[in-house]
Engineer: 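Quick one: the structure is below, and I'll ask about it shortly.
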Amino acid sequence: MDGIGIALSKGRILEETAPLLARVGARPRENPETSRKLIIGTARRGVRLIVVRAADVPTYVQHGAAQLGIAGRDVLVEHGGAGLYQPVDLRIAACRMVVAARRGFDYAAAVRQGARLRIATKYVQTTREHFAAKGVHVDLIRLYGSMELAPLVGLADAIVDLVSSGRTLRANDLVPVEEIMPVSARLIVNQAALKTRRAELQPLIDAFAKAAGK
Ligand code: ADP
Ligand code: MG
């Protein structure tokens, strides 16, 4: 396909990207939240949005099915980043990836004593690396959502998830016990496309950087 595809997800990322899209002159021609179309043209000539699940954005861009993408650092670290450049921190969708446990679970003591921890998460790779670097043994339990439930029903000792206000954790009697990394959304670029189509892509990358306040 000619032109430039930008892969992104509906929900939080689209919501927070919308003002940036407006500033780069790439307002969508239909509302992606309500449209059933997965490819949506924009006001910027040759630029279209490709609507996918958040965790799939790096995959589309890695394989060149989209030249650009917008994805959280959480998703990028979990993917590994092969074939991608990450030239612009868009400074949107800011939150933290944390380990959280039930109020009353003595996480520090469990780590000190070398206990084997059961950790539920959708960030399996990131979590494995985090605990390996600490020298803590973990059994990983892969979930696809609602991680907060796992400690409450005895599925896990702790979870690895994103928090912003902390309200969801509090509502489920969980507390953050360790920060893994700060998270925000990045503009990502297919490495091969940037080499072969720089004249087309660089102005759009620069426009996003400017829109994000760089
Ligand atoms: P999904 O449920 O498919 O993961 P979300 O819209 O919940 O989709 O999350 C998409 C991205 O938004 C995440 O990968 C992350 O980068 C960001 N995000 C998720 N939760 C928060 C949050 N509480 N605050 C800010 N950004 C968040
Ligand atoms: Mg979510």
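Just so you know, ligand 1 is whichever comes first in the structure, and atom 1 is the first atom listed for that ligand. Excluded from the calculations below are hydrogen atoms, water molecules and symmetry mates; all remaining heavy atoms, backbone and side chain alike, are included. Position 1 is the first residue of the sequence; numbering continues from there.
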Engineer: Scan the protein's non-hydrogen atoms and note whether one is under 4.0 Å from atom 9 (O) of ligand 1.
Structural biologist: no

Engineer: Can you tell which of Arg53, Lys122, Arg167 gets a heavy atom nearest to atom 4 (O) of ligand 1?
Structural biologist: Lys122

Engineer: Got a protein heavy atom sitting under 4.0 Å from atom 14 (O) of ligand 1?
Structural biologist: yes

Engineer: May I ask you to decide if Val124's main-chain N or O and Glu78's side chain share a donor-acceptor pair within less than 3.5 Å?
Structural biologist: yes

Engineer: Which residue holds the protein heavy atom closest to atom 16 (O) of ligand 1, what is that atom called, and what is the gap in Å?
Structural biologist: Asp74 OD1, 2.8 Å

Engineer: Within the structure provided, determine whether His63 and Asn190 are in side-chain contact (heavy-atom separation under 4.5 Å).
Structural biologist: no

Engineer: Heavy atoms, side chains only, cut-off 4.5 Å: are Asn172 and Leu149 in contact?
Structural biologist: no

Engineer: One pair to check against salt bridge (charged side-chain N to carboxylate O under 4.0 Å, His left out): Asp173 and Arg103. What are the steps and the verdict?
Structural biologist: CA-CA 6 Å; Asp173 210 27; Arg103 194 183 306 282; 3.2 Å; yes

Engineer: Within less than 4.0 angstrom of ligand 1, does Ala93 place any heavy atom?
Structural biologist: yes

Engineer: Before signing off on this row, confirm whether Ser164 and ligand 1 have an N or O atom pair separated by under 3.5 Å.
Structural biologist: yes

Engineer: So which bit of Ala94 gets within less than 4.0 Å of ligand 1, heavy atoms only: side chain, backbone, both or neither?
Structural biologist: backbone

Engineer: Do other residues, nucleotides or ligands put more than 12 heavy atoms under 6.0 Å from Arg116 CZ?
Structural biologist: yes

Engineer: Could you check whether atom CZ of Arg142 has more than 12 heavy atoms from other residues, nucleotides or ligands sitting under 6.0 Å from it?
Structural biologist: yes

Engineer: Which residue holds the protein heavy atom closest to atom 19 (C) of ligand 1, what is that atom called, and what is the gap in Å?
Structural biologist: Leu162 CD1, 3.5 Å

Engineer: Is the number of heavy atoms from other residues, nucleotides or ligands within 6.0 Å of CZ (Arg53) greater than 12?
Structural biologist: no

Engineer: Which ligand 1 atoms, with their elements, are less than 4.0 angstrom from a heavy-atom of Val75?
Structural biologist: 14 (O)

Engineer: Which residue holds the protein heavy atom closest to atom 6 (O) of ligand 1, what is that atom called, and what is the gap in Å?
Structural biologist: Arg12 N, 3.8 Å

Engineer: With a 4.0 Å heavy-atom cut-off (strictly under), which part of Arg73 contacts ligand 1: side chain, backbone, both or neither?
Structural biologist: neither

Engineer: Is the side chain of Arg91 donor-acceptor paired with the backbone N or O of Gly213 at a distance under 3.5 Å, no angle test?
Structural biologist: yes

Engineer: Could you check atom 11 (C) of ligand 1 against the protein and tell me its nearest heavy-atom contact, residue, atom and distance included?
Structural biologist: Ile13 CG1, 3.7 Å

